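Structure, as structure tokens:
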2 protein chains.
Amino acid sequence: MSQAVGVKVDRLDAIRSHLYANGFSTIQALADAIGASLATVRRDLQILEQEGAIDRVHGGARIAEGSSVEVAFQEREKRHLSAKRAIATAAYDLLHPRTAIFLDAGTTVLQLARLVRINPMPLRIFTNGLTVAQEFLNIPNLEVVLLGGQLRSENASLVGPQAEAMLETLWFDQLFLGASAISADGAIYSVDSAEASLNRRMLARSANRFVLADSSKFGTTATYKVAPLDNAKVITDSGLSRHWRDELVNFGVDATIADLRAKE
Amino acid sequence: MSQAVGVKVDRLDAIRSHLYANGFSTIQALADAIGASLATVRRDLQILEQEGAIDRVHGGARIAEGSSVEVAFQEREKRHLSAKRAIATAAYDLLHPRTAIFLDAGTTVLQLARLVRINPMPLRIFTNGLTVAQEFLNIPNLEVVLLGGQLRSENASLVGPQAEAMLETLWFDQLFLGASAISADGAIYSVDSAEASLNRRMLARSANRFVLADSSKFGTTATYKVAPLDNAKVITDSGLSRHWRDELVNFGVDATIADLRAKE
DNA sequence: TTTCAAATGATCAATGTCAATCAATTTTAT
DNA sequence: ATAAAATTGATTGACATTGATCATTTGAAA
């Protein structure tokens, strides 16, 4: 039925279309449908795979499953993973059943979300993180509310005036905030302007504020300032330098240092 | 009934699906259903067991205990998949670059989202579906806004007063709405009260309204009424009965019928 | 417990698929 | 018009998958 498709862009479109319609196709079938050689189809599939549009499997290809797009995010999630887990465990111990908590959209906070999923307790959870919310699908005794707003692809968070407006109507017992960086002068920084603004609103709407930041974040900076550290208590890991431990005392910041070697 | 399935990924899907439908199956039955040898089915089952999707027992295999919740959603997504894809393709042709559209949180609408991801155009997209939003991560030229609200686990949607309040501040060129059921008297129904209420607000805030419903939905009912069909145009598939085609004319509903066999 | 048929996993030959290479062709730049 | 670059299709050796065979294990009946 299909005609030969001679130009590359058309071919790629045709492959996308064919794969979308059929869900899966062998390379031979694609070659027949398009009128190109097997070698060319393979090359095209390589390109489409790099675009993330399709998944290649032995014998053919199919349209990509949804969440495979978050490769960059997943890589970031794995960095300093043991530190993040230790921090998350310390944070988990601070939770009280039947309270309202806000979970920020960071990779460290995501570890806390995982802990709550594995070890559930009745909570009202608010978040602006898509991945955080996803952790709580089908977990009983949780009331999960996601902030509305504009989707920020970098960390799958929701930001913007709509998110801030929604925050104004809410109040939390505990806030667990991530941080892109913590500067030498003791301030929390973010890489994104909208995120920084939203983080400030979170701080303003919470009774108890915790910043979850692994030790590698200390002494670095990012573009947008969120707030001074003394607005919150800090939970970090035992990799923190002597210097920074002293600094935190100087800043008058209440810090919890999670032991990296502690197994639970 | 089943055809021979020659490629590994297809087979794995077929086995998952077969086991989900029957709960348990002998290896011989799977081999017959799939058209592969016993040895191959065993190897496939090994893979699925490693994935944790199934439990193997002497003489056959069954669906793994834990994963059955997530599988349920995936299976629902795959039901009438070709119809949903055909409908989504027809809906995609209605899109105009640089307009504002709302995508409901249904499995049929999800196919439309997938199509937009694979074949992007500049759009402002609003949705109350977590999975829908996730499709659009890292897609350039899209502005994606997620409605805030309470997370409904059954279909990963956001509902409730906060979602409705946010809707009141927005206006869409096109709405693409899913439907749990379309009753004999020509009304859209939903299985959830909050979802139905929210759907009504969506309809009120959109200039052009499209209901995406595969033909199996017609003549069924669910608990909560959303709105009469004539509030919107219908996009369905060519599996629709003669009777219902006439009924749609009687109701004065503008219907688009996507051809199931059309390949492009 | 013993027995035995069915089920299982390992092995092997045959077939199918993949990535790399290269020559031929088309496209693009000069 | 010519040279350079990119694209294409065929070929090849490496690799993966499949189905049949066979020795071993398993579960249930005697």
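Quick note on labels: first sequence line is chain A, next is B, and so on, each numbered from 1. Not measured: the values here are computed from a predicted model. Values below: every heavy atom of this structure, side chains too, minus hydrogens, waters and symmetry copies.
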Next on the checklist: Side-chain N or O of B:S37 versus OP1/OP2 of D:dT18: is the shortest distance under 4.0 Å?
Outcome noted: no

Next on the checklist: With a 3.5 Å distance limit and no angle check, can you tell me whether B:S37 reaches the backbone of B:T40 through a side-chain donor-acceptor pair?
Outcome noted: yes

Item to check | Between D:dT25 (C1') and B:H58 (NE2): distance, integer Å | outcome: 8 Å

Checklist entry - For the helix from C:dT1-D:dA30 to C:dT30-D:dA1, what angle lies between the axis at the first five pairs and the axis at the last five pairs, to 10 degrees? => result 40°

Checklist entry - Just how far, in rounded Å, is P of D:dG19 from CD1 of B:I34? => result 11 Å

Checklist outcome for this item: Whole-Å distance, A:R42 CZ to D:dT11 C1', equals 12 Å

Checklist entry - So does A:E51 pair up with B:R117, basic N to acidic O under 4.0 Å? => result no

Checklist entry - Looking at A:L151, A:L130, A:N128, which hits side-chain contact (heavy atoms from CB on, under 4.5 Å) with B:L146? => result A:L130

Checklist entry - When all nucleic acid strands are considered with a 4.0 Å heavy-atom cut-off, which category describes A:I27: base, sugar-phosphate, or nothing? => result sugar-phosphate

Item to check | Among D:dT8, C:dG9, D:dA20, the one nearest B:Q46 by side-chain distance | outcome: C:dG9

Checklist entry - In whole angstroms, how far is the P atom of D:dA16 from the CG atom of B:D44? => result 17 Å

Next on the checklist: Does D:dT8 have its OP1 or OP2 closer than 4.0 Å to a side-chain nitrogen or oxygen of A:R11?
Outcome noted: yes

Item to check | Salt-bridge present (A:R62, B:D13; N to O < 4.0 Å) | outcome: yes

Checklist entry - Ion pair present between A:D44 and A:R11, side-chain N to carboxylate O less than 4.0 angstrom? => result yes

Next on the checklist: With hydrogens left out and only the distance checked, is there a donor-acceptor pair under 3.5 Å joining B:R43's side chain and the base of C:dG9?
Outcome noted: no

Checklist entry - Please give, in whole Å, the distance from C:dG9 P to B:Q50 CD? => result 12 Å

Checklist entry - B:Q28 has an atom CD; how far is it from atom P of C:dT8, in whole Å? => result 11 Å

Next on the checklist: Please report the distance, rounded to the nearest Å, between NZ in B:K8 and C1' in C:dT15.
Outcome noted: 16 Å

Checklist entry - Salt bridge between B:R114 and B:E77, side-chain N to carboxylate O under 4.0 Å? => result yes

Checklist entry - In whole angstroms, how far is the C1' atom of C:dA7 from the CG atom of B:L38? => result 10 Å

Checklist entry - Between the main-chain N or O of A:G129 and the side-chain N or O of A:S157, is there a donor-acceptor pair closer than 3.5 Å? => result no

Checklist entry - So what does B:V41 hit on the nucleic acid, given a heavy-atom distance under 4.0 Å: a base, only sugar-phosphate, or nothing? => result nothing

Checklist entry - Distance check: side-chain N/O of A:R56 vs OP1/OP2 of C:dA19, anything under 4.0 Å? => result yes

